[in-house]
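Shown next, in structure tokens, is the structure this report addresses.
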2 protein chains.
Amino acid sequence: MSYVLNGGPRGVAPETRARVLAAIEQLGYRPNGIARSLRMNRTMTLGLVVPDTSNPFFAQLSRAIEEAAFAQDYTLLIGNAAEDDERQTTYVRTFLARQVDGLFLVPAHGPTSCVPELRRSGVPWVTLDRQIPGGGAPAVLADNRNGARAAAEHLLGHGRRSIACISGPEDVVPANERVGGWRDALAEAGVRPSEMSVWHGAFGRRAGYLGGRELLADGRFDAVFVASDEQALGVLRALQELGIRCPEDVAIASFDGIAATAYSTPALTTMAQPFGQLGQTAVARLLDQMDDPEADPHISVLPVTLVARGSCGCPDPPGGDAPAGTVEGAEQ
Amino acid sequence: MSYVLNGGPRGVAPETRARVLAAIEQLGYRPNGIARSLRMNRTMTLGLVVPDTSNPFFAQLSRAIEEAAFAQDYTLLIGNAAEDDERQTTYVRTFLARQVDGLFLVPAHGPTSCVPELRRSGVPWVTLDRQIPGGGAPAVLADNRNGARAAAEHLLGHGRRSIACISGPEDVVPANERVGGWRDALAEAGVRPSEMSVWHGAFGRRAGYLGGRELLADGRFDAVFVASDEQALGVLRALQELGIRCPEDVAIASFDGIAATAYSTPALTTMAQPFGQLGQTAVARLLDQMDDPEADPHISVLPVTLVARGSCGCPDPPGGDAPAGTVEGAEQ
DNA sequence: TTGTAGGCGTTATCAA
DNA sequence: TTGATAACGCCTACAA
């Protein structure tokens with residue numbers, strides 16, 4: 001039975017095979033994957049814990065990982081930490097109890113108390129998007145600093161001189177790297193650190209909206225670099241309410257390259273992350289670790305690409321142009 | 001060991017319990033959920049297959065279901081059918097092989113060839129959002145017809161008389177129910193069926209954008225009812241490119257109540273689905289079926305609520321007002 | 001080429 | 001109160 005369904009590890013006489021197949025058909029037999037997992041000591045399941053599944057950036061990232069995992073015959077369990085360390089730990093624990101073969105973690109901001117447990121479990125894991133300080137696990141990251149710098153330089157290239165920054169939570173590493181890149185560009189253009197204005201808030205539209213209202217109302221700035229597209233969409237709405245035109249009065253460049261940026265008015269100029277590659281790389285790294293748990297944890301930093309649209313002052317292309325780095329998993 | 005960890009079904013002497021606990025600690029013992037599932041014949045896992053995880057509506061719906069399942073100690077497996085019947089079947093099969101205790105299905109458009117297999121498996125299942133013609137399974141649905149009618153009536157109430165409709169694929173039931181509701185309202189206002197213009201396309205922004213460009217360019221219409229928010233966001237962009245003002249020249253009302261509608265310019269007037277309730281109801285129905293597979297499949301139709309914002313001509317509230325039906329799982 | 005049996009890690013039943 | 005043991009369904013090594 002086993003031999004005919006799995007095609008091995010030894011042969012079956014054609015006549016017997018037919019008999020077995022017939023019996024399977026007749027009894028409506030379905031193999032039990034749980035028993036198989038128990039025996040084989042692998043579940044062909046991977047876990048993914050993200051800070052917030054309702055944030056389109058994480059949704060697109062999850063989708064890319066799912067795609068890559070599916071292609072390798074793995075099923076993906078997705079857990080939503082809701083930006084809460086306790087819930088993050090709960091999910092990690094649940095997944096470990098379910099004997100996932102490996103785990104992806106996009107750490108929520110704040111402490112990441114599940115790390116020791118994760119390490120003790122011996123289950124291979126990989127962090128994504130955000131690195132863990134004393135991690136010890138492979139990480140797959142976007143080139144936040146250079147990307148942010150390129151975005152700010154692009155705004156400078158449009159003749160903007162007074163460029164604010166709206167960023168994510170202060171304890172999120174990539175948010176700070178992006179602020180760093182923005183600072184780099186401004187410093188090189190001769191702006192003093194004391195003249196650089198940064199606003200910190202949650203990722204998500206609401207925070208962007210609030211930051212926009214607070215920072216851009218008085219006309220001090222002729223441009224803003226926003227650390228995430230979601231926030232930038234909120235900023236766009238804030239400008240609208242304030243009667244400030246984009247890009248004429250305030251130009252915007254942001255970061256991530258989510259699909260929605262192609263349909264706002266104006267469409268957003270953004271540094272697009274290579275979602276498909278991020279997913280594939282993450283899966284590849286995890287499989288590496290599963291192959292050889294002793295292999296030293298590799299840090300992969302993937303480049304981001306500028307997608308110039310209307311919000312920075314470039315010509316606004318027709319709605320729905322595909323951001324360069326977002327071909328797979330973006331569709332719609 | 002089992003008795004101390006699970007607190008039953010029989011007692012353990014305090015002294016023994018302490019010894020067991022100590023051993024657990026010392027050996028770093030972790031219970032194996034797979035073995036447990038095999039023995040118990042339940043995995044505490046539910047499956048969900050949706051047509052397209054990158055569509056924010058399904059993302060928000062998935063999130064609500066995950067929330068409700070998590071609250072009942074179930075883990076949710078999410079599969080992305082990518083609007084492809086074959087892939088949908090693959091996921092259903094994968095989930096059945098993994099011995100999910102129950103399954104949620106949001107059928108992709110077109111045929112749903114996995115139904116016989118699903119039925120034969122004996123695993124309880126529930127359909128969501130879209131009902132299956134000869135289903136036989138419980139369904140949890142929004143009140144599409146009345147919701148759409150209310151939306152169209154609202155546009156009529158603003159004095160609009162020439163109201164087009166942009167809808168989803170022709171073979172998707174809820175899309176047609178929404179078209180039906182829009183027809184109802186127009187007919188009641190004295191519009192002849194021959195004067196009612198409907199455009200059909202995929203759900204998603206791109207389709208809405210294309211439909212908007214095609215249908216609204218020549219100024220024949222002073223309003224449009226759009227069958228999904230995603231499409232409506234595309235329509236908004238199309239109007240912008242055509243130099244048509246919203247709501248002055250063309251008013252918009254749409255359907256779903258996804259979070260992004262609160263941040264567009266103008267913010268979208270929409271019929272908000274009660275995501276939280278949909279999730280809870282779906283889980284409740286599935287647990288019902290699991291309790292008693294013979295219980296007859298109940299069809300739950302939940303009401304949608306009008307969220308009036310700028311796109312229909314109502315005053316545009318500040319960005320980020322929470323759509324009435326979307327409290328849970330919407331955040332941002 | 002095929003039948004048989006042991007064991008994966010649990011839980012629950014039976015005997016002590 | 002506890003120790004021993006069968007069984008869940010699968011895979012595979014071994015014997016025939």
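Scope of the values below: all heavy atoms of this structure, side chains included, with no hydrogens, waters or symmetry mates. So that the names make sense, note that chain A is the first sequence line, chain B the second, and so on, each numbered from 1.
Mapping Arg36(A) and Met40(B) onto DNA chain D by nearest heavy atom places Met40(B) at the nucleotide closer to the 5' end. Place Arg39(B) and Ala13(B) on DNA chain D by their nearest nucleotides, and Ala13(B) ends up nearer the 5' end.
Within 3.5 Å, no donor on the side chain of Tyr3(B) pairs with an acceptor on the base of dT10(C), nor the reverse.
Across the protein-nucleic acid pair, Leu27(B) atom CG and dG9(C) atom P stand 13 Å apart, rounded to whole Å. In this structure, CD1 of Ile34(A) is placed 12 Å from C1' of dC10(D), rounded to the nearest angstrom. Counting to the nearest Å, the P atom of dT2(C) and the CZ atom of Arg19(A) are 8 Å from each other. Regarding Leu38(B), its CG atom lies at a distance of 14 Å from the P atom of dA7(D), rounded to whole Å. Atom CD in Gln99(A) sits roughly 8 Å away from atom P in dT10(C) (whole-Å rounding). In this structure, the CZ atom of Arg42(B) is 11 Å from the P atom of dA12(C), given to the nearest Å.
Salt bridge status for Asp52(B) with Arg63(A): present, with a side-chain N to carboxylate O gap under 4.0 Å.
For Phe275(B) and Phe57(B), the gap between ring centers is short of 6.0 Å.
For the pair Arg87(A) and Phe70(B), the cation-pi test (distance below 6.0 Å, angle within 45°) is passed.
Arg17(A) comes within 4.0 angstrom of nothing in the nucleic acid, heavy atoms only.
Using a distance-only test at 3.5 Å, with no hydrogens or angles considered, no donor-acceptor pair links the side chain of Arg36(B) to the main chain of Pro31(B).
OP1 and OP2 of dC8(C) both lie 4.0 Å or more from every side-chain N or O belonging to Asn32(B).
Here the side chain of Ser2(A) is nearest to one of dT12(D), dC10(D), dC8(C), namely dT12(D).
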